[in-house]
Protein chains: 2
Amino acid sequence: MTDPGTTMPANRPRRGRPPTSPLTPALILETARALVEREGPDALTLRRLGTELGSNHTAVLRHFTGKDEIVLGLAEQLIEEALAGFVPREDWRDTLTALARRVRTACLAHPAVAVLVATRVSRRAAEFRGADTVIGALRQAGFGELDAARYYRVLADTVLAVSSYEASVTVLDDEARRGDRMAWQREYLAVSPVRYPHLAAVAGHLAAIDAEDQFETVLELLLDAVELRALRAARER
Amino acid sequence: MTDPGTTMPANRPRRGRPPTSPLTPALILETARALVEREGPDALTLRRLGTELGSNHTAVLRHFTGKDEIVLGLAEQLIEEALAGFVPREDWRDTLTALARRVRTACLAHPAVAVLVATRVSRRAAEFRGADTVIGALRQAGFGELDAARYYRVLADTVLAVSSYEASVTVLDDEARRGDRMAWQREYLAVSPVRYPHLAAVAGHLAAIDAEDQFETVLELLLDAVELRALRAARER
DNA sequence: ACCTGAACACCGTTCAAGT
DNA sequence: ACCTGAACACCGTTCAAGT
């Protein structure tokens with residue numbers, strides 16, 4: 001991408017320019033994200049990041065206390081993108097479905113970032129706005145405070161876990177594409193029908209399963225069951 | 001710890017003994033697992049492993065092609081432990097519940113191993129026997145081949161994802177216990193009631209949620225919905 | 001056959017020195 | 001105030017040399 005050329009002619013972050021290096025947290029995060037997306041999670045290195053920014057590899061430590069904080073910044077960026085401009089639907093179930101799809105979409109749009117961040121995210125990055133929306137939807141469904149809290153954590157954790165799990169599989173397929181994925185498909189197809197009769201019987205279907213379909217199924221199962229409990233909870237009051 | 005001094009005086013793997021170093025894949029894996037459990041995922045280093053085994057840090061490369069293969073070995077060890085001695089129950093739902101609990105228990109018994117392995121696991125480590133059991137249970141429930149394959153992948157992936165997610169939180173809490181977890185609990189309690197009314201209303205309940213309870217809820221929700229579909233599928237045939 | 005030791009090309013972080 | 005450059009204590013992997 002070329003420099004868009006803003007009205008002020010100064011402030012161009014060309015490679016290897018010490019004179020006026022702008023080096024802001026936002027620029028660092030953006031560069032880090034681009035690097036990770038281009039070359040995978042392992043490419044995020046203070047030294048690589050330094051050359052990418054055209055500065056000394058220790059310069060970023062003036063804006064972040066360490067590499068960990070950069071990863072945390074990427075996590076917030078990801079959640080931010082997932083929630084940007086979201087407005088709750090009328091129906092509570094539509095709200096939860098749309099929100100879950102947004103989380104998955106963001107994770108799959110930047111799978112390497114998602115993998116990097118998955119183990120580091122802790123819940124604070126899940127952001128108050130998302131939590132408030134989910135809990136609001138659950139109370140709208142008819143749950144009391146305690147149940148709303150419980151099912152919020154169940155749904156949020158499961159959607160985050162499943163999304164980053166899927167992202168990690170995507171990254172694996174990308175970087176070690178010597179066929180880890182193809183390997184298990186072939187192995188499953190060649191499985192012994194006498195030792196594993198059930199597996200052998202359905203092996204042909206296994207490879208054909210669509211990832212998006214699978215996510216939708218998880219979501220439907222969870223929300224079907226939650227809806228059932230909501231109706232029961234409403235009836236009991 | 002001092003040497004216990006077994007009955008057979010030979011064959012004692014004391015620290016730093018080159019003479020007769022047994023150095024088998026099994027010993028390497030066992031040492032690696034102990035190291036990771038003792039000092040966390042980042043402690044698994046060929047050099048650390050070498051000193052732990054009392055040998056040169058490149059010696060293990062005679063038994064594993066690289067560090068990656070060691071991690072894969074740990075993954076298989078973990079799944080192996082989860083499935084060891086398992087026999088299906090009479091009721092298909094009991095079978096699936098017991099199996100899911102075993103996976104979670106194994107992940108929480110060795111959370112650092114689970115984290116290390118989570119992103120590397122690919123599906124081949126999920127083992128044929130576990131797959132066969134799950135698919136068998138689903139067919140017993142009344143599903144056809146295609147649905148049994150679908151729900152197997154949905155359930156297996158979700159349980160694995162949620163279990164390793166929980167393990168990663170455990171490890172985070174352990175190693176960065178400067179209070180990442182406590183931090184978000186305090187932040188949630190201090191949240192603005194006008195901007196996030198729903199969140200503020202239930203914040204008190206959030207911290208009290210039990211992790212085991214949460215896993216059980218995920219499992220119940222999924223299996224409730226699956227059971228419903230099984231009944232529907234059986235009726236249509 | 002298996003292991004060692006040196007070497008190579010990397011890491012994150014600290015810190016005195018520059019401007 | 002912000003950045004540089006050297007230094008420190010680490011990495012995984014390769015490869016000739018030993019036994």
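Chain naming here is simple, since letters A, B, ... match the order of the sequence lines and numbering starts at 1 in each. Quick note: numbers below take in every heavy atom, side chains included, and nothing from hydrogens, waters or symmetry partners. Here the structure is a predicted model, which means the values were calculated and not measured.
Of the candidates B/T170, B/V36, B/V169, B/P111 forms a side chain to side chain contact (heavy atoms under 4.5 Å, CB included) with just one, namely B/T170.
Going from atom CG of B/L49 over to atom C1' of C/dT4 covers 16 Å, rounded to whole Å. Atom CG in A/D42 sits roughly 13 Å away from atom C1' in D/dC11 (whole-Å rounding). The separation between A/F64 atom CZ and C/dT13 atom P is 13 Å, rounded to whole Å. Here the P atom of nucleotide C/dC11 and the CG atom of A/D68 are 17 Å apart, to the nearest Å. In this structure, B/R47 atom CZ and C/dG5 atom P are separated by 13 Å, rounded to whole Å. One interatomic measurement links the two molecules: CG of A/L27 to C1' of D/dC3, which rounds to 15 Å at whole-angstrom precision. Distance, A/L23 CG to D/dC3 C1': 9 Å, rounded to whole Å. Note: NZ (A/K67) to C1' (D/dC10) measures 14 Å, nearest angstrom.
Heavy atoms only, all atoms of each residue included: A/A149 and B/H205 are closest at CB-CB, 3.7 Å. For the residue pair A/V115 and A/S168, the shortest heavy atom distance occurs at CG2-CA, 3.4 Å. Here the closest heavy-atom approach between residue A/R153 and residue B/Q214 is recorded as O-NE2, 3.2 Å.
Backbone-only contact: A/L44 has heavy atoms under 4.0 Å from sugar-phosphate atoms and none from a base.
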Measure all distances between protein nitrogen or oxygen atoms and nitrogen or oxygen atoms of nucleotides 14-19 of chain D, and list the pairs falling under 3.5 Å.
none

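Residues A/Q77 and A/H110 have side chains that never bring a donor and an acceptor to within less than 3.5 angstrom of each other.
Remark: the backbone N or O of A/R48 is not paired with any side-chain donor or acceptor of A/T45 at under 3.5 angstrom. A side-chain donor-acceptor contact under 3.5 Å links B/R102 to the backbone of B/A84.
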Q) Once Watson-Crick and G-U wobble pairs under 3.5 Å are found, how is DNA chain C written in dot-bracket notation, 5' to 3', with | for any base paired to another strand? A) ||.|||||...|||||.||
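When the side chain to side chain donor-acceptor pair (under 3.5 Å) test is applied to B/N56, the partners found at least two apart in sequence or on another chain are B/T58.
Along DNA chain D, the nucleotide nearest to A/N56 and the one nearest to B/R48 differ in position, and the one closer to the 5' end is contacted by A/N56.
Under the 6.0 Å cut-off for aromatic ring centres, A/Y165 and B/Y165 do not qualify, their centroids lying 6.0 Å or more apart.
Phosphate proximity of D/dG12 to B/T45: present, with a side-chain N or O under 4.0 Å from OP1 or OP2.
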